[in-house]
Amino acid sequence: MTALPSTRSLDLRELSAPEPLIRALDAARRLQPGEALEVYTPLVPGPLLELLGEEGVHASVTRLDEGGACVRVHRPPLTPCD
């Protein structure tokens, strides 16, 4: 998978739980409106996806052939009324 130029990447596949969740959530919270992040995790992170939704960011998951998952996280841009 190739990251888009404006997308940062964070590979957490070698870490033990709960470290991937903690680091991914921290990185997602730092995203500015319009920014995106690709997080590579050792497995499909159900709890992370739930927490990201509560943070107001969009997330989608792709299972990787070599194991683990890529979670694409995007904080929507601000609208003029925000």
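Count residues from 1 along the sequence.
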Does E35 form a side-chain contact (heavy atoms from CB on, under 4.5 Å) with V73? I'd like the steps, not just the answer. CA-CA 9 Å; E35 288 185 330; V73 183; over 6 Å; no

Between atom CD of E55 and atom CG of L31, what is the distance when rounded to the nearest 0.5 Å? 10.5 Å

L48 side, atom CG; R23 side, atom CZ - distance, nearest 0.5 Å: 14.0 Å

Can you name the closest pair of heavy atoms from L43 and T41 and give their distance? O-OG1, 2.7 Å

Indicate the atoms forming the closest heavy-atom contact of G56 with R75, along with that distance. O-NH1, 4.2 Å

May I ask you to decide if R13's main-chain N or O and D11's side chain share a donor-acceptor pair within less than 3.5 Å? yes

Which atoms form the tightest heavy-atom contact between L12 and P42, and what is the distance? O-CD, 3.7 Å

Considering only heavy atoms from C-beta outward, does the side chain of P47 approach that of L21 to under 4.5 Å? yes

If only side-chain N and O atoms count, and only distance matters, is there a donor-acceptor pair under 3.5 Å linking T62 with R72? yes

Within the structure provided, determine whether E14 and E19 are in side-chain contact (heavy-atom separation under 4.5 Å). no

Side-chain (R63) to main-chain (V44) donor-acceptor, under 3.5 angstrom: no

Answer yes or no: is there an ion pair linking E38 with R8, defined by an N-O contact shorter than 4.0 Å? no

Just so I know, are the side chains of L64 and Y40 near enough to count as touching, which here means a heavy-atom distance under 4.5 Å? yes

Do other residues, nucleotides or ligands put more than 12 heavy atoms under 6.0 Å from the CD atom of E50? no

Could you check whether any side-chain heavy atom of P33 comes within less than 4.5 Å of a side-chain heavy atom of P76, counting everything from C-beta outward? no

What's the shortest heavy-atom distance between V57 and A28, and which atoms? CG1-O, 4.4 Å

Is the closest side-chain heavy-atom distance between L37 and S9 below 4.5 Å? no

